[in-house]
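Reading through the structure tokens given below for one structure.
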Amino acid sequence: MQERVEKSLSSAEDMIYIATAVVLIVAAITLLAFSVFNFFEGFNGHIGQQISQLLDGLLLVLMLVEILHTVGIFLKKRKLVIEPFLAVGIIAAIRRVLIITAEQVHPTPEHAAAFRMTMLELGLLAAMILSFVFCIFLLRRHGRDEPVEMEE
């Protein structure tokens, strides 16, 4: 009886992972098409802003693909790998840095406090990126990014 319950739960888990993968694929393709369409649709003037928005969309697509990759590895090997999560963190932090720098205007005395908060956020994001990169370096150097087996 316990074996049947475990098989049922494992099958349900697989179905959820497969449904998640399908949703991620649809979301990534839709976002990619939407980003490219908006890039060419708004091609009437501010090319810098259009490129920034395209890059933002493409980085979000890359995040979705990395998450999809992780789901795929889990479905194939029933093992969890850490490095794709770190890659998603790096991409998300870089995406936020690009958004902040694209939106940043020249500081004025009235906006000094907001400018300081923006600089603080950029500093924290840079620290996050460096720490994620350092973690990936350590994982690769010490060969510790072995997939973690999930008990079934």
Side-chain angles (χ1 to χ4, degrees), residues 12-151:
E13 183 182 8
D14 286 347
M15 287 189 294
I16 291 170
Y17 272 105
I18 291 168
T20 301
V22 169
V23 169
L24 286 169
I25 291 168
V26 170
I29 291 171
T30 303
L31 182 59
L32 180 63
F34 183 75
S35 296
V36 171
F37 176 78
N38 278 348
F39 176 72
F40 288 112
E41 179 76 17
F43 217 71
N44 57 4
H46 297 46
I47 187 72
Q49 184 180 14
Q50 291 304 115
I51 290 173
S52 176
Q53 288 176 351
L54 177 65
L55 186 58
D56 181 48
L58 293 177
L59 288 172
L60 189 54
V61 169
L62 284 176
M63 289 170 56
L64 293 173
V65 170
E66 282 296 324
I67 296 169
L68 178 63
H69 176 69
T70 305
V71 170
I73 289 172
F74 185 81
L75 282 172
K76 288 179 197 169
K77 300 180 180 180
R78 298 303 256 183
K79 297 178 180 179
L80 186 61
V81 180
I82 298 168
E83 191 170 314
F85 291 109
L86 295 171
V88 168
I90 291 169
I91 294 168
I94 290 172
R95 181 175 174 261
R96 181 66 185 146
V97 167
L98 292 172
I99 290 170
I100 290 171
T101 55
E103 292 174 348
Q104 186 61 35
V105 294
H106 298 291
T108 60
E110 303 89 51
H111 299 102
F115 181 74
R116 278 193 299 276
M117 293 303 292
T118 301
M119 292 298 107
L120 178 62
E121 184 178 1
L122 285 173
L124 291 173
L125 288 167
M128 283 177 52
I129 292 168
L130 289 174
S131 65
F132 287 147
V133 168
F134 184 66
C135 288
I136 290 173
F137 169 76
L138 289 177
L139 286 171
R140 290 184 179 179
R141 182 169 182 183
H142 296 290
R144 305 279 167 124
D145 196 22
E146 299 299 320
V148 177
E149 286 200 40
M150 303 298 283
E151 291 187 26

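The chain is numbered in sequence order, starting from 1.
Between L54 and L58, the closest side-chain pair of non-hydrogen atoms falls below 4.5 Å. Using a 4.5 Å heavy-atom threshold, the side chains of L86 and V133 count as separate.
To the nearest 0.5 angstrom, L24 atom CG is 11.0 Å from M63 atom CE. Separating the CZ atom in F134 from the CG atom in L130 is a distance of 10.5 Å, to the nearest 0.5 Å. How far CG of L60 is from CZ of F34: 11.5 Å, rounded to the nearest 0.5 Å. Going from atom CD of E13 over to atom CZ of F74 covers 4.5 Å, rounded to the nearest 0.5 Å. The distance from atom CG of L125 to atom CG of L120, rounded to the nearest 0.5 Å, is 9.5 Å. To the nearest 0.5 Å, atom CD1 of residue I91 and atom CG of residue L59 are 7.0 Å apart.
Taking each heavy atom of G57 and S35 in turn, the nearest pair found is CA-OG, 3.4 Å. When every heavy atom of I129 is checked against every heavy atom of A93, the shortest pair comes out as CG1-CB, 3.5 Å. Shortest non-hydrogen contact noted between A28 and V61 is O-CG2, 3.8 Å. Minimum interatomic distance between T70 and P84 (heavy atoms only, all atoms of both residues): OG1-CB, 2.9 Å.
A salt bridge is absent between R116 and E121: the closest approach of a Lys/Arg side-chain nitrogen to an acidic carboxylate oxygen does not fall below 4.0 angstrom. Taking a cutoff of 4.0 Å between a charged side-chain nitrogen and a carboxylate oxygen, D56 and R96 do not qualify as a salt bridge.
Judged as a side-chain hydrogen bond (donor to acceptor under 3.5 Å, both in side chains), and not counting sequence neighbours, N38 has no contacts. For F39, the ring-ring contact (aromatic ring centres under 6.0 Å, His included) partners are F43, not counting sequence neighbours.
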| Check against side chain to side chain contact (heavy atoms under 4.5 Å, CB included), I25 and L64 | CA-CA 8 Å; I25 291 168; L64 293 173; over 6 Å; no
